[in-house]
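The structure under discussion appears below in the form of structure tokens.
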Amino acid sequence: MNNSEIAKIFREIADILEVREIPHKPQAYRRAALALEGLEEDVADIYAKGGKRALEEIPGIGKSLAEKIEEFLLSGKIKKYEELKKELPVNLEELTQVEGLGPKRVYVLYKKLGIKNLEDLEKAAKEHKIAKLEGFGPKSEENILQGIEFLKKSKGRIPLGVVYPIVQKVKKVLSNLKEVKKIEVVGSFRRRKETVGDIDILVVTSNPEKVMDVFCSLEGVVKVWGRGPKKASVHMKEGFDMDLRVTDKESFGASLQYFTGSKAHNIAVRKIAISKGLKLNEYGLFKGEKKIAGATEEEIYQKLGMQVPPPEIREDQGEVELALKHQLPKLVELKDIKGDLHVHSNFDGGVDSIETLALKAQELGYQYLGISDHTKFLRIERGLDEKQLEEERKEIDKLNLKFKKIGFKIFQGAEVNILRDGTLDISDKALAKLDYVIAGVHSNFNMSEKEMTARIKRAMKNPYVTIIAHPTGRLIQKRESYNFDFEEILKTAKATNTILEINSSPERLDLPDKYIRFCVEQGVKLVINTDTHHWQHLRYMELGVGQARRGWAKKEDIINTYSTSEIEKVFKLKRKNAN
DNA sequence: GCCGTTTTCGGCCCGACTGTTTTCAGTCG
């Protein structure tokens, strides 16, 4: 993707300009980098369609940066960057990742010691060359070494699903302290971003010292690396940082707003404050010296004439404008979910019996559950053949008889495989006996975009295929999405009444948020499923709902918010063209 | 270098913390 490549170059230009003490331009380059990364379309496509003028339409990109993007697209280079880079020919991205190192200190390290990369840096620090530099000292040297250690161990951003249970536990421990009056986990965690950099926790407390002591000695803390009166920072053994910030009751809402971000959202909101002659910071909303809001997020947004945007959409992707017009959509909520349609039982080698899963689903307040065991292609998962599906049907019928009086229903589905040519691994005749069918790509990921698109489209055209599972196939930070034309898939989904899945499994969260938003805009229906292989996975629904909200999905966009009879209609609608 | 309900010039988010200083620069979020 050109966008991320150019964004990286713009960031480096920003860093070098900052070293030169050039004001404001660095921000412009960084804003542009952020804008490029937020784009859904490759700049090459935008340029192909509308030329330089179209590039200038991108917020944050003006005449000069549009020219630089054009230059990159035509020649693969940006001359200005090549020139600037001569002043600081080092691996900036790598070096500035070390905690406490920014462009200016990296420049000093390069000028004085010739440090170009992490390896040079570690060597110089171990030889105690850094402590002798002006502006550095023994403490900086020590921190650099620890920063390198941490960097080696940490994987950068961590999947939300990995930190989720840890953070829930930490929150619980802290909220149980009687000194803690209010607590909220903020930052990208609160926005339910699919990966998080670090965890920020906000507390109101009568005893900051006590709470910080508990925080710094939590299970999993390997090092306390910063502690002031208002903030404590720790490294966790899983390779991420946690910050605890203390605020007071009157500022809690302002801090919540401020630390939830995103940065882009906050900048946009602060501009609105400025336009009204007000000032917004983490302590409150101020008119001159007078604080006019701060205790809750609601009063802050209200005083700005805005609705409160749900945290999941605070990315400056249109929510600020709609909040001003009081036209924000009402997003789907966990309590709207009436069932889960992607659940594996012990029939295909999973852990739990269908009955156990049904009972657990009832505990969650669901009205229905869809059992979707693998079919025969995936031998590794003990996929079911036609005969085994019939046995499973008998079991489900039996349970349904039992659950009828409490108004709970089990649907029989299956997770079938979309083969290389777009056909399925089990006959239509067998599929016709099921209530619904989930189809997914589980093999031959490395096909051309054209082939993969055709493959999935053919599967969607099968009247028995109700849902496409984990549509992009990506595994967060492990495997890229396969190549396919999502626009084509959207069109076919719409034309064939095929549902696209939001798979809540922590390693997938597939569809990604931006694709969900496309579906919502195009009126393609979605389903939030957990892909449960153990009853405890049913809880992943929360992650999927967060993901759906990040994609601006409303209740009506998500079919498993429908009642039992409504969802049966959805199943039937897809099959209307079957023989 | 971008942008516009202070609109083609003159603004640009801002406070905490750290480690170095001896009043502050750099970094972070």
Side-chain angles (χ1 to χ4, degrees), chain A residues 10 13-15 17-35 55-69 78 80 84 95-109 130-144 146-147 186-191 196-202 224-233 241-247 251 254-255 257-286 305 316 321 324:
Chain A
F10 281 1
I13 292 177
D15 282 349
L17 293 174
E18 196 156 291
V19 171
R20 284 183 162 192
E21 313 253 281
I22 293 170
H24 308 304
K25 285 195 190 188
Q27 277 102 308
Y29 275 97
R30 292 201 180 106
R31 264 201 307 273
L34 209 63
L55 294 176
E56 285 182 47
E57 295 291 305
I58 303 167
I61 308 284
K63 196 160 172 285
S64 169
L65 292 187
E67 272 168 18
K68 290 188 176 67
I69 294 171
I78 296 174
K80 165 129 181 184
L84 286 172
L95 288 170
T96 51
Q97 262 179 35
V98 177
E99 190 74 44
L101 279 194
K104 290 189 178 173
R105 305 186 93 194
V106 166
Y107 181 73
V108 173
L109 290 169
I130 291 175
K132 297 190 188 89
L133 295 177
E134 199 185 325
F136 290 80
K139 196 81 194 191
S140 315
E141 192 171 79
E142 176 59 22
N143 283 342
I144 284 172
Q146 283 180 352
V186 288
S188 44
F189 183 89
R190 185 164 179 238
R191 303 200 312 280
V196 297
D198 57 9
I199 295 295
D200 278 304
I201 303 170
L202 203 63
V224 178
W225 62 276
R227 182 156 172 184
K230 294 190 156 191
K231 184 185 162 189
S233 304
D241 285 353
M242 288 203 304
D243 290 348
L244 182 78
R245 292 166 191 278
V246 177
T247 180
S251 306
S255 291
Q257 197 284 327
Y258 181 85
F259 289 111
T260 297
S262 67
K263 207 167 180 173
H265 173 86
N266 284 357
I267 288 171
V269 172
R270 214 158 314 163
K271 275 186 184 161
I272 290 162
I274 292 166
S275 76
K276 293 181 185 296
L278 306 172
K279 192 179 84 162
L280 179 63
N281 59 28
E282 66 224 76
Y283 299 106
L285 185 65
F286 296 87
D316 194 23
E321 292 77 3
L324 277 168

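All figures in this text were calculated on a predicted structure; none of them were measured in a lab. Letters go in sequence order (proteins before strands), and every chain restarts at 1.
Taking the side chain of A:Ser140 as heavy atoms from C-beta on, and the options B:dC2, B:dG15, B:dT20, the nearest nucleotide is B:dT20. Nearest nucleotide to the side chain of A:Asp198, out of B:dA16, B:dG29, B:dC2: B:dG29. Taking every side-chain heavy atom of A:Asn143 into account, B:dT18 is the closest of B:dC28, B:dT18, B:dG1. Side-chain proximity of A:Lys279 to the nucleotides B:dG19, B:dG15, B:dG1 is greatest for B:dG15.
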Between N or O atoms, less than 3.5 Å apart, protein on one side and nucleotides 11-13 of chain B on the other: list the pairs.
from	atom 1	to	atom 2	distance (Å)
B:dC12	N4	A:His24	NE2	3.4
B:dC13	O2	A:Arg270	NH1	2.2

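For A:Tyr283 and B:dA16, the OH to C1' distance is 7 Å, given to the nearest whole Å.
If you take atom C1' in B:dA25 and the same atom in B:dT20, they sit 9 Å apart, rounded to whole Å. Between B:dC28 and B:dC13, the distance separating the two C1' atoms is 13 Å to the nearest Å. Going from the C1' atom of B:dC17 to that of B:dT23 covers 16 Å, rounded to whole Å. When the P atom is compared between B:dT21 and B:dG26, the two are found 13 Å apart, to the nearest whole Å. Spacing between B:dA16 and B:dT6 at atom C1', rounded to whole Å, works out to 31 Å. Here, B:dG4 and B:dT8 have their C1' atoms 9 Å apart, quoted to the whole Å.
No engagement by A:Asn266 is indicated, since no non-hydrogen atom pair under 4.0 Å with the nucleic acid exists. Within 4.0 Å of A:Glu134, counting heavy atoms only, lies no atom of the nucleic acid at all. Counting any heavy atom pair closer than 4.0 Å across all strands shown, A:Val98 reaches sugar-phosphate atoms only and no base atom. Looking at heavy-atom distances under 4.0 Å, A:Ser64 makes contact with sugar-phosphate atoms alone, never a base. Counting any heavy atom pair closer than 4.0 Å across all strands shown, A:Arg30 reaches no nucleic acid atom.
Side chain to side chain, A:Lys68 and A:Ser64 meet the donor-acceptor criterion of an N or O pair below 3.5 Å.
For A:Ala32, the side-chain contact (heavy atoms from CB on, under 4.5 Å) partners at least two apart in sequence or on another chain are A:Phe10, A:Ile61, A:Leu65. Here A:Tyr107 pairs with A:Val19, A:Leu88, A:Lys111 under the side-chain contact (heavy atoms from CB on, under 4.5 Å) rule; sequence neighbours left out. For the side-chain contact (heavy atoms from CB on, under 4.5 Å) test, residues two or more places apart in sequence or in another chain that qualify with A:Glu141 are A:Ala125, A:His128, A:Ile130, A:Ala131. A:Glu67 pairs by the side-chain contact (heavy atoms from CB on, under 4.5 Å) definition with A:Lys52, A:Lys63, not counting sequence neighbours. Residues satisfying the side chain to side chain donor-acceptor pair (under 3.5 Å) test with A:Asp243, not counting sequence neighbours, are A:Ser233. Qualifying ring-ring contact (aromatic ring centres under 6.0 Å, His included) partners for A:Tyr258, counting only residues two or more places apart in sequence or in other chains: none.
Comparing A:Asn281 and A:Glu141 by the nucleotide of DNA chain B whose heavy atom lies nearest to each, the residue mapping closer to the 5' end is A:Asn281. DNA chain B is contacted by both A:Glu21 and A:Glu56; A:Glu56 maps to the nucleotide lying nearer its 5′ end (nearest heavy atom per residue).
Taken residue by residue, residues 100-108 of chain A places heavy atoms nearer than 4.0 Å to DNA chain B at A:Gly100, A:Leu101, A:Gly102, A:Pro103, A:Lys104, A:Arg105.
For the OP1/OP2 pair of B:dG1 and a distance below 4.0 Å, the side-chain nitrogens and oxygens of A:Lys80 include at least one atom meeting the criterion. In this structure, A:Lys68 reaches the B:dG1 phosphate: one of its side-chain N or O atoms is under 4.0 Å from OP1 or OP2.
Pairing partner, B:dT8: none, since no Watson-Crick or wobble contact has both distances short of 3.5 Å.
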- Item | Step-by-step side-chain contact (heavy atoms from CB on, under 4.5 Å) determination, A:Glu99 to A:Asn143 | CA-CA 8 Å; A:Glu99 190 74 44; A:Asn143 283 342; over 6 Å; no
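In this structure, NE2 on A:His265 lies 9.5 Å from CZ on A:Arg191, to the nearest 0.5 angstrom.
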Side-chain donor/acceptor pairs under 3.5 Å, residues 23-30 of chain A, sequence neighbours excluded:
from	atom 1	to	atom 2	distance (Å)
A:Arg30	NH1	A:Glu18	OE1	3.0
A:Arg30	NH2	A:Asp15	OD1	2.8
A:Arg30	NH2	A:Glu18	OE1	3.3

